[in-house]
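Inspection log for the structure reproduced underneath, given as structure tokens.
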Amino acid sequence: MTLSIYDTLTRTVKPVSSSNGRTTMYCCGPTVYRDAHVGNLRTFVLSDLIRRSIEITGGRVELIQNITDVGHMSQDVIGEDKMLTQAEAENKDPFKMAREYEANFHKDLALLNVITADKYPRASESIDLMIAMITQLISKGFAYVGSDGSVYFDAHAYESYGQISGNHLDALKPGHRFEYSDETGKGFHADWALWKNAGARTQMIWDSPWGPGFPGWHIECSAMSMEFLNNHVDVHIGGIDLRFPHHENERAQSNSFIGTETVDLWVHGEHLLFEGGKMSKSSGNVVLLSDLIARDLDPLAARLCFLENRFRSQMDLTWASLESANMTLAKWRKKMAQWGDSLEKTVDQEFLNAIETDLDAPRALQRLRAVEKSTQIGDGDKRAIFIYADKVLGLDLARTKLNKAISQEQQSLLDARLAARAQKRWSDSDVIRAKLEASGLEISDSADGHEWSWR
Ligand code: AMP
Ligand code: ZN
């Protein structure tokens with residue numbers, strides 16, 4: 001395998017590692033207190049792009065993506081768990097709400113052609129793992145029970161704290177953004193809670209050696225990644241906002257627990273903006289896949305837009321770019337059908353080189369456009385290259401035009417147009433054609449009638 005990706009820890013482009021032909025991957029999963037927006041989905045598609053880029057050359061991947069359903073605290077409201085705040089707003093049991101958003105998350109991944117992970121462990125079902133890890137961290141001298149009964153990680157005990165983000169302890173001032181002021185029992189301001197004392201909280205709490213409480217968000221990912229990937233992660237993925245403190249703290253916990261560097265390559269996807277702005281509930285511009293579908297856009301248009309940008313660059317998604325990607329997909333699928341029906345694939349080295357060079361998907365797509373337009377490459381070969389490329393891109397380019405049934409109304413219009421043509425009522429035929437086109441079909445006349453396809 002020659003795939004190399006930028007590693008946030010070493011700040012170099014590094015080859016992806018594997019052992020016995022198997023690469024272990026961990027992707028920080030969704031916090032299931034709402035539906036994933038297109039920004040979250042960009043990060044999940046990044047994970048899928050990495051997976052597919054490994055598999056295209058015969059590598060095997062074992063992927064774990066966790067479900068955060070407890071312990072992710074709000075940055076806006078002190079001491080509030082995102083799950084509980086939202087469950088209260090929806091007047092629902094928090095676990096029931098979690099399962100609903102989790103189901104939606106799986107639907108979204110399927111719509112985006114994201115290959116299913118080996119396991120989606122839930123934080124709420126991994127509490128024993130976390131308690132075992134915290135117990136070990138205390139006994140090894142990396143954690144302590146604070147004066148408020150919560151358990152804290154001692155940031156000073158982990159020597160190379162700060163290497164992922166560059167936020168070293170001596171430079172972290174008290175009151176930095178991610179310090180929770182309800183964590184009153186800790187000895188140093190940059191320490192963080194591994195286990196939070198339940199206090200007055202009554203929901204989503206568990207018994208522990210330190211009394212009833214709930215886990216901190218960071219320990220969840222350490223416990224689940226170490227357990228399910230046998231103590232070593234080849235590629236760890238998350239959005240850029242997770243670099244600090246989430247991944248910094250996760251690294252300190254996992255490395256202190258195992259005693260070695262547990263993650264080989266830290267990949268951080270840059271943020272997605274929408275129409276130039278940060279998506280936020282308060283500004284009302286949070287865009288979901290269901291919003292694309294409501295506008296008759298193929299969800300894979302979002303996937304193509306993600307691929308048109310380098311993963312380490314911030315990107316601005318717009319309705320115009322989604323419309324344009326939607327048209328590109330339709331055009332490519334149509335060409336694919338014109339180029340034949342073989343399912344053979346041909347390795348295209350130029351495409352592969354682009355992908356393997358720090359996932360340069362925009363350059364890979366440029367290569368695909370050159371293949372599309374080439375006068376040197378025959379139709380069958382074009383199709384075979386597209387089929388190969390689609391193993392990585394996941395855009396369903398070989399989808400046949402008939403996979404969406406036409407409505408009864410469209411069928412009646414098609415019949416009426418055939419009748420009009422047979423009776424040489426050309427202007428009627430043109431009017432009906434316009435109606436059919438407005439409904440999303442493309443009509444081409446043939447010797448014995450007409451043919452249609454989805455535009
Ligand atoms: P959450 O559901 O909040 O736990 O986030 C799930 C993933 O989405 C994490 O990897 C975040 O870093 C990532 N993420 C959140 N917002 C964005 C955004 N606007 N663009 C890209 N990734 C994001
Ligand atoms: Zn995580």
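On a predicted model such as this, the values are computed, not experimentally measured, just so you know. Both counts, for ligands and for their atoms, begin at 1 and track the order of listing.
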When you look for heavy atoms under 4.0 Å from ligand 1, do you find them on the side chain of Lys278, its backbone, both, or neither? neither
Could you tell me whether Phe153 and Tyr158 have their ring centroids closer than 6.0 angstrom? no
Is there a heavy atom in Thr68 that sits closer than 4.0 Å to ligand 1? no
Indicate, with yes or no, if the rings of Tyr120 and His106 have centres closer together than 6.0 Å. yes
Consider ring-ring contact (aromatic ring centres under 6.0 Å, His included). Of Tyr161, Phe244, Trp217, which one does Trp192 pass it with? Tyr161
Is there a nitrogen or oxygen of Asn40 sitting under 3.5 Å from a nitrogen or oxygen of ligand 1? yes
Rounded distance [0.5 Å steps], OH in Tyr33 versus CG in Asp69: 13.5 Å
Out of Gly39, Gly269, Ser280, Ala36, who gets a non-hydrogen atom closest to atom 23 (C) of ligand 1? Gly39
Are Arg251 and Trp266 in a cation-pi setup, meaning NZ or CZ lies under 6.0 angstrom from the ring centre and within 45 degrees of the ring axis? no
Ranked by distance from atom 10 (O) of ligand 1, the top protein heavy atom is Gly239 N, 2.9 Å
Only heavy atoms of Gly238, strictly under 4.0 Å: list the atoms of ligand 1 that pass. 10 (O)
Could you identify the single nearest non-hydrogen protein atom to atom 9 (C) of ligand 1 and state the distance to 0.1 Å? Leu242 CD1, 3.7 Å
Would you name the heavy atoms of Ser222 and Ser254 that are closest together and state the gap between them? OG-OG, 2.9 Å
One residue to check: Arg34. Relative to ligand 1, which of side chain, backbone, both or neither has a non-hydrogen atom less than 4.0 Å away? side chain
Under 4.0 Å, heavy-atom basis, I'd like to know which part of Thr43 is in contact with ligand 1: side chain, backbone, both or neither. side chain
Could you tell me if the side chain of His268 sits less than 4.5 Å from the side chain of His247, heavy atoms only? yes
Atoms in ligand 1 flagged as close to Gly29, the criterion being non-hydrogen separation under 4.0 Å: 4 (O), 6 (C)
Relative to atom 12 (O) of ligand 1, which among Asp241, Ile237, Leu317 owns the nearest non-hydrogen atom? Asp241
Give the residue and atom name of whichever protein heavy atom lies nearest to atom 18 (C) of ligand 1, and the separation in Å to one decimal. His271 CD2, 3.4 Å
May I ask you to identify the nearest protein heavy atom to atom 19 (N) of ligand 1, giving residue, atom name and distance to one decimal place in Å? Leu272 O, 3.2 Å
When you compare ligand 1 with Ile240, is there at least one nitrogen or oxygen pair between them that comes in under 3.5 angstrom? no
Got an N, O or S from His218 under 2.8 Å of the Zn ion (ligand 2)? no
Under the criterion salt bridge (charged side-chain N to carboxylate O under 4.0 Å, His left out), I'd like the reasoning laid out for Lys196 against Asp81: C-alpha separation, chi angles, the key distance, then a yes or no. CA-CA 11 Å; Lys196 284 175 169 270; Asp81 187 318; over 6 Å; no
Give the intermediate values and the outcome of salt bridge (charged side-chain N to carboxylate O under 4.0 Å, His left out) for residues Asp390 and Lys345. CA-CA 10 Å; Asp390 204 27; Lys345 60 178 192 300; over 6 Å; no
Whether His247 has an N, O or S atom under 2.8 Å from the Zn ion (ligand 2): no
What part of Thr31 sits under 4.0 Å from ligand 1 if we count only heavy atoms: the side chain, the backbone, both or neither? both
Minimal non-hydrogen separation, Leu397 against Leu368, with atom names: CD1-CD2, 4.5 Å
Considering only heavy atoms from C-beta outward, does the side chain of Val45 approach that of Phe311 to under 4.5 Å? no
